[in-house]
Every structure is written in C-alpha cells, then in structure tokens.
2 protein chains.
Amino acid sequence: MATIYEVSALAGVSLSSVSRVLNDHEHVSKKTKQKVVAAMNELDYRPNTIARSLASNCSNSVGVLVSELHGPFFGAMLSTIELELRNAGKHAVITAGHSDEESEKKGLDFLIDRNCDALILHVDAISDEYLIKLSKGKTPFVILNRYISEIKDNCFYLNNELGGYLAAKHLIEQGHKDIAYISGPTTKQDTAERLVGHKKALTEAHISFKENLIYEGDYLTESGRDGFNSLIKNKATFTAVICSNDEMASGAMRGARDHKLLIPEQCSFIGFDNAFFTEYLYPQLTTINFPVNDMAKMSTLWILQNVYKQKEIKITNIFTPKLIERKSVLQK
Amino acid sequence: MATIYEVSALAGVSLSSVSRVLNDHEHVSKKTKQKVVAAMNELDYRPNTIARSLASNCSNSVGVLVSELHGPFFGAMLSTIELELRNAGKHAVITAGHSDEESEKKGLDFLIDRNCDALILHVDAISDEYLIKLSKGKTPFVILNRYISEIKDNCFYLNNELGGYLAAKHLIEQGHKDIAYISGPTTKQDTAERLVGHKKALTEAHISFKENLIYEGDYLTESGRDGFNSLIKNKATFTAVICSNDEMASGAMRGARDHKLLIPEQCSFIGFDNAFFTEYLYPQLTTINFPVNDMAKMSTLWILQNVYKQKEIKITNIFTPKLIERKSVLQK
DNA sequence: ATTCAGAATGAAAGCGCTTCCAGTTCTGGG
DNA sequence: CCCAGAACTGGAAGCGCTTTCATTCTGAAT
C-alpha cells in the first residue's frame, strides 16, 4: 500500500504539499496539484484513514446507539442515517443498548472510546441527568425521540401529544365514543404525552375518560393481545382500540380474532408509527405516521453542520405526526 | 485526556511497560502491573483506539455491507452481528449497497479504506469474479447467503433447495396438487435453487410442473400482489401459492382478498424466511424458517477465529431451513 | 559462589498522516 | 524596477500508541 511518502517522492514535492492536495487546501498551485494527483493515480494511493484520524484528531465516524437493532423503526432510522453519513464521507459505528441501563452506558462508553466525533442516541434507560452530564463532555451528540429541556437543542422528537390527539379525534369523528387504549409503559415520556393528547381529544368531545378502558403494555405484540383479552375479561365496553404502537395493534387485532370479532365491523383499531408491516395486516391498519426518516435525516444533518461544519440548513427539532387512514376503522 | 506518557510517568515505569499491561502481555511483573493499573485508575486513563490501530495495524472494526438496512431480515442479522462483535471488543461499521453494483462496490471500497480488519458481505449485484479477485486482497471477508465454489469456505448460506422442497412437500402432503409459485428474480442464485427444490418435490409426487403457475416477482410486497393477480388473470387453476419470501406472500394474500377469496379455505399460502411479521398476518403465515441469526453468528465467529485468532469453534457453512406450520395452509 | 536461561524492563524507532512555522517565490501597484 | 504582501512550498514536530532489540535482573541448577 502506497503511502504519502512515496507519492511525494514520485511527484517530486514535499509531504506537506501532498497532504494539502489530499485535503483540498487552498494555496496549492495548479502545477503541484497535477503532479501529485498523477502520482497518486500511478501508485493507486489510498489514504490511510487511521493515520489521518490520529493526526487530525477526527475519526470521521459517528456512533449510533439504539435500543434495538431489529424492528421496523430502527431499520428505517439506520437506513437514513447511514445514507446521509456516507454521502458526507463519514461512517456509522452502530451499537445496541437493549433498553437496559448498564448496557446502554456500556454502549456509550464503547462509542466514545472509539473516538467517534459525534453520537446519535436513541436510549430510554439512561437518565436525563446522565445525558445532561454527558453533554458537558467533549463528544457532541443528539438525542432521538426524547425531550430534555436542559439540552433541548440536541433533541429531536415527535409531537407525541398531537399524535395521541389525532388518533382519538379520528375515532370520535367516525362516531366512536367508547375507546379503549393500550399504551406503552407509562413511565416513558412519549407514552405519557400520547395519553395526554388522547385525553384532550376526549375532553373536547365531552367524553369522559374511563380508567377501565386503559391497559398498559410494553410495546411488544404479545402485550397488545394480552391487553385486548384483559379488556374483554374486565367486561369493558368499547367499539375501538387505540394502541401506542403498531406491534401492539397487531397483537390486539389478533386478540379480537381470538374472540371472533370482526375488524373493523365489531371493533376498530388504530396503531402508531406507521411501520411498513401495517400495510400487510388485514385489514390494513389505520395508524399515526411517525416520520422516522425525517427525524433521522435531520439529526444527521445537525451533526454534519455542527460537528463537521458542513452545509448550513435550518434545523427543526420537533416533528409532526399524521393520521394515515386505512381499513381498520369503521365509520359508524 | 490522559495518555500513556502520563501513566508511565506517574507509575514510574517505561512506556513499554504500560503498553504491555494494556495489552495483557506476558513478562510483566506483578509489581509493575499494579503500579500501572493504579496510575491508570488515578488518571482515568482511556486508551486511544485510533493510535492503537495505527501502531498495531489493526482497527478492531469489522465492516458490514448489506443490500438494505431496513427490512426484517437485515435487522435480525445486524442485531446478531453487532452483539457478537461487541462481546469480543470489536465493532461494526455498517453500510448499505442498495442492491446496485456501483453502489455495492463503493460500499466495499469505503469499508476497505476505513481499514476494517474484515468484512461481512451480503451483496447480490457484485459478480462472483469480483469477489474472487477481492479474496486475493489483504482484507479477509465472509459472504452471506451466497455460494461461490472458488471461495466456498468464506461463504455462509442456506440450503435453499431443501427450503423449496419442504414448502412444496408440505402442500402436497396436505392434499394440494395445483401449486402456484411466486418467485424472486430467477437470475438470483437462491431463487433458482429454491425452484429446483420445488420441482423436485413435484416430481417425487408425480405432479407435472406447469409454467403458467409460476410468476417472477422482485421480493417486494407489491410484486406478490401483482403475481397473484396475474395468475388469476391468466386463468391458472391452483389451490395454493408458494412465495419466495414473506413479503411477497403478504402481498399475494392481499391479492387473494382483492378477489374475495378466503384464506386458507379457497387458497393456501406458504412464505419463506419466517420474518417476525408473519405472525401478525391473518391468518398467520405458514413459512420456511431461515435461521438468519445462526448464520450471522457463525460468520462473525469465523472472523473472530480466523482474523482475530480468538476461540476455536467448529464452523458450519450451510444452514438448514425448516417448515414452520401456522394457519395459512388448508388440509384438504 | 558461579553460570545461564529466561523473565522483566527500557530506549527508540516507527505507524501514516496533519499542521505549524518559516522560508521562498510570485504578484501587481507605485 | 522595486517592494509589500500574498501565494506557495518544505521542514519538522507531533498525534498516542506498539514493537523490536538490547540490556538488566532473577533464581534455579551446578
């Protein structure tokens, strides 16, 4: 593998000059540049990124820490992040935290030790305080899907309240009054916010919120099914179910089928996220779109702009959910 | 950030000794080691991975190139790879090739230029020849989901023929004789092999293979639906459809519903891959399990063993598919 | 006490690049 | 034609670590 030395020797110029053309510096004469480029081509020179990183103190890598690597949400997210980074000549070092505090912290340390220039974090087990402290450190980062007021400019998140509101409002508009709600763990910020929006829509429509129509799941399919069964078992009366994500919605629909209920004739469903598989379901699931790609793109651009000083764009921190109407809601 | 110099000064030993304890070398006295460890703790020393990489010519990073980052298949794959690598103190640099030759080659170059110690490749646009040539280079790699005889020890793949066979055989055992087949692009190796298995099962059962019962899709949902519609339009007679992946199966099921057909009463379906969403479908999809996780794990272990000289395990290159019975096949 | 293999240590030379600084060569305006 | 200032170039230090080689130190065997 040719080094910069050989290039400089062949081109008959100094190391510095080679380095300058490599980095597209100003103040290099056309002639020098030509000679260097020719030599590079002849030797099939490939810069050693490691050496560059060491000398320049910049690894050109961005660490991405997500709670899980599989699942529709993260697939879409990573896909966008990788694309944007690669277009910018940077690369993604990816790691998973498995929604466990210890594991997430380890992942963080791992990425920091790897000299990532910046981090994109999607974590839920690590505390606000820890992240605020981390923000004082030297590695800049953005946080996805979470709002921490002390470092709000680094946060990119959905207007969850609006999402919750839209789902309930839609059902109400379609004539539903008895609406069950299968939520995620209510300790989580986004879950809580969605519920606020839900209640707001009910209130606006003068529908009182009933505690027995709510079930707390864990965002996994099975808990959607459990939730539905539990509602039935408790003799709750409802004509529609809102779920805090699409996985649980799919589980809840299965629960409805276990009870021989027709969807949407006997029970309507709304999900959240607009995962790719919602179109595969039968009937296709009406859901709230979560613009993951937009959010992932924006956060990556933030890094390109603030860390790598590339193009200036207008940064938006909050994203807007949207109702996607499909076939799982009955108009009464 | 403390460096090895400061540690050596504080501990009162030489650089070399610090480096030795850092790398767990033999020939370091207990006393020296203690002093060094104490100094490291006091200074909260974190080794600079970049500098280590430069000096040791080993980046501790493994490049992963997949055709797409989203989708259930890759999510599962990446999840396993990342876990195994991180357990071994290595990390994954991830990139996508988008099933486009130019783009895949660029991804490859990108990863090689990034000084990855090894690569895990899931590519389909790059030619065998190119990969064989690449294998002469200095960066070792493994190939997933593809068999190239010249470098077969680096290939990890499914017994696709068996998969195709199992699906058809199951339907035949359930009394089906007219079996439609929605395949992927037949130019792809795995697709072709599956079809061979399919035909083998038919032949064994003395069922003749009919060209008009086959449709060539592109592995995307929509093409499953198109396939189904096309079969109907061509007045093909069949009681069951086998699809080369679960996405197309979901599309085909939708096609069946468009024609008001009951599943499985009027038409049975079998998919391929056993993606997570097959359980969400209605009825739940009978499919062929593709042990992605096993394959991903094995390929990572191969790298740990052959590149990083870690633990010895027995390497298996070929993986076995298995029928997963659910609710989408009618017993006649 | 003597010998000597092997263990323990340190000095120093890199790894391949960036970047500061100083020196040299061009400009063009007077 | 001169000279200030800008454009260009090269030398050399340094990024933080690994690794080779030579040297010194052990302690078991004689």
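Numbered from 1 within each chain, the chains take letters A, B, ... in sequence-line order.
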Query raised in the report: In whole Å, what is the span from the NE2 atom of A:His27 to the C1' atom of C:dC21?
Result: 14 Å
Query - Value in whole Å for how far the P atom of C:dT18 lies from CD1 of B:Ile50 - result: 13 Å
**Report entry** A:Arg52 and A:Asn60 side chains, donor-acceptor separation under 3.5 Å
**Finding:** no
Query raised in the report: Under a 4.0 Å N-O cut-off, is there an ion pair linking A:Arg146 with A:Asp124?
Result: no
Report task. Considering only heavy atoms of chain A and a distance under 4.0 Å, specify the first and last nucleotide of DNA chain D in 5' to 3' order that meet this criterion. Result -> D:dA7 to D:dG16
Query raised in the report: Looking for any heavy atom pair under 4.0 Å, which part of the strands does B:Ser19 touch: base, sugar-phosphate only, or nothing?
Result: base
Query raised in the report: Taking NE2 from A:His25 and C1' from C:dC17, how many angstroms apart are they, rounded to a whole number?
Result: 12 Å
Report task. Decide whether B:Glu82 and A:Thr95 meet the rule of one side-chain donor and one side-chain acceptor closer than 3.5 Å. Result -> yes
Requested in this report: Indicate, with a heavy-atom threshold strictly under 4.0 Å, whether A:Val18 touches base, sugar-phosphate, or nothing.
Outcome: nothing
Query raised in the report: For B:Asn57, which contact category applies under a 4.0 Å heavy-atom criterion: base, sugar-phosphate, or nothing?
Result: nothing
Query raised in the report: B:Lys31 or A:Ala51: which one's nearest nucleotide on DNA chain C is closer to the 5' end?
Result: B:Lys31
Report summary line: Between NZ of B:Lys30 and P of C:dA8 the distance, given in whole Å, is 11 Å
**Report entry** Test item: side-chain donor near acceptor, A:Asn293 and A:Thr80, under 3.5 Å
**Finding:** yes
Query raised in the report: Using a distance-only test with no angle check, is there a side-chain donor-acceptor pair under 3.5 angstrom linking A:Ser16 and A:Ser19?
Result: no
Query raised in the report: Within the structure shown, what part of the strands sits under 4.0 Å from A:Thr32 by heavy-atom distance: base, sugar-phosphate, or nothing?
Result: sugar-phosphate
Query raised in the report: Roughly, in whole Å, what's the span from CZ in B:Arg20 to C1' in C:dA11?
Result: 11 Å
Query raised in the report: Centroid-to-centroid, B:Phe319 to B:Phe290, below 6.0 Å?
Result: no
Requested in this report: Hey, could you give me each pair passing ring pair (Phe, Tyr, Trp, His ring centres under 6.0 Å) that has a residue in residues 127-149 of chain A? Not counting sequence neighbours.
Outcome: A:Tyr147-A:Tyr157
Report task. Using distance alone, with no hydrogens and no angle criterion, decide if A:Arg114 and B:His91 have a side-chain donor and acceptor under 3.5 Å apart. Result -> yes
Report task. Using a cut-off of strictly less than 4.0 Å between a heavy atom of the residue and any atom of DNA chain C, enumerate the qualifying residues of residues 2-16 of chain B by number. Result -> B:Val13, B:Ser14, B:Ser16
Query raised in the report: What integer distance in Å separates B:Gln34:CD from C:dA8:P?
Result: 14 Å
Query - Sidechain N-carboxylate O distance under 4.0 Å for A:Glu102, A:Lys106 - result: no
